[in-house]
Amino acid sequence: MAIYTVFALAVALGADAFSVCLGLGMAGVTRRQILLISVTVLVFHILMPLIGWYAGGLAGTVAGRAASVAGALLLLYLGGKMVRSFLTAGAAAPKVVLLNTWGLLLLAGSVSMDALSVGFSLGTRQVNLLLTAGIIGLVAGLMTVAGLLSGRFVGARAGEWAVLAGGILLVIIGLRMMMP
């Protein structure tokens, strides 16, 4: 997988974090919360693809090309779901600021769940594990910071457009993975 494809994938995965954190930024967050949220999302966006990677690698060994197609279909599904959420109701950003550890873990887990699925898809392909997971995590962390900091300056509509763009990128990458 080309490096520009990995960056496009990372941006698509970071779109959820950006969108949710844009809403949190509008509600108001402290510098400490920005740091904690961003680092936690970064770590989750590294760990989830790694977990999915190993599961996908196992499936790729067992099922071969069928696992690769299944991984691509999973990306198409995730991307389609993101596009559909934009077209129907838009991105629903939470209205409360995270005040405890469980809220922080829930946020990081919810915005990185698609990274688990993408890790599964990537596990069926020949991709540099550490580089890919590192790029995904770093981009998601930076998009989290950007969402939190810019939340008070831009409207909620920007978060909805980020989800749409991320969904379209996942669909394109899924389609590209379907080609031999």
- Which residues share a side chain to side chain contact (heavy atoms under 4.5 Å, CB included) with Arg32, sequence neighbours left out: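 Arg32: side chain to side chain contact (heavy atoms under 4.5 Å, CB included) contacts with Thr30, Leu36.
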List the atom pairs, with distances to 0.1 Å, where a side-chain N or O of residues 129-145 and a protein N or O form a donor-acceptor pair under 3.5 Å, not counting sequence neighbours.
| residue | atom | partner | partner atom | Å |
| --- | --- | --- | --- | --- |
| Thr132 | OG1 | Asn128 | O | 2.8 |
| Thr144 | OG1 | Ala140 | O | 2.7 |

- Message: To the closest 0.5 Å, what do you measure between CG (Leu148) and CD1 (Ile34)?
- Response: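 Leu148 atom CG to Ile34 atom CD1 measures 5.5 Å (nearest 0.5 Å).
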- Would you name the heavy atoms of Ala146 and Phe18 that are closest together and state the gap between them?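 Where Ala146 meets Phe18 most closely, the heavy atoms are C-CE1, 3.9 Å.
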- Message: Restricting to non-hydrogen atoms, name the atom on Leu13 and the atom on His45 that form the minimum distance, rounded to 0.1 Å.
- Response: O-NE2, 3.5 Å
- Item | side-chain contact (heavy atoms from CB on, under 4.5 Å) partner of Val43, chosen from Val41, Leu47, Ile46 |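 For Val43, the side-chain contact (heavy atoms from CB on, under 4.5 Å) test succeeds with only one of Val41, Leu47, Ile46, which is Leu47.
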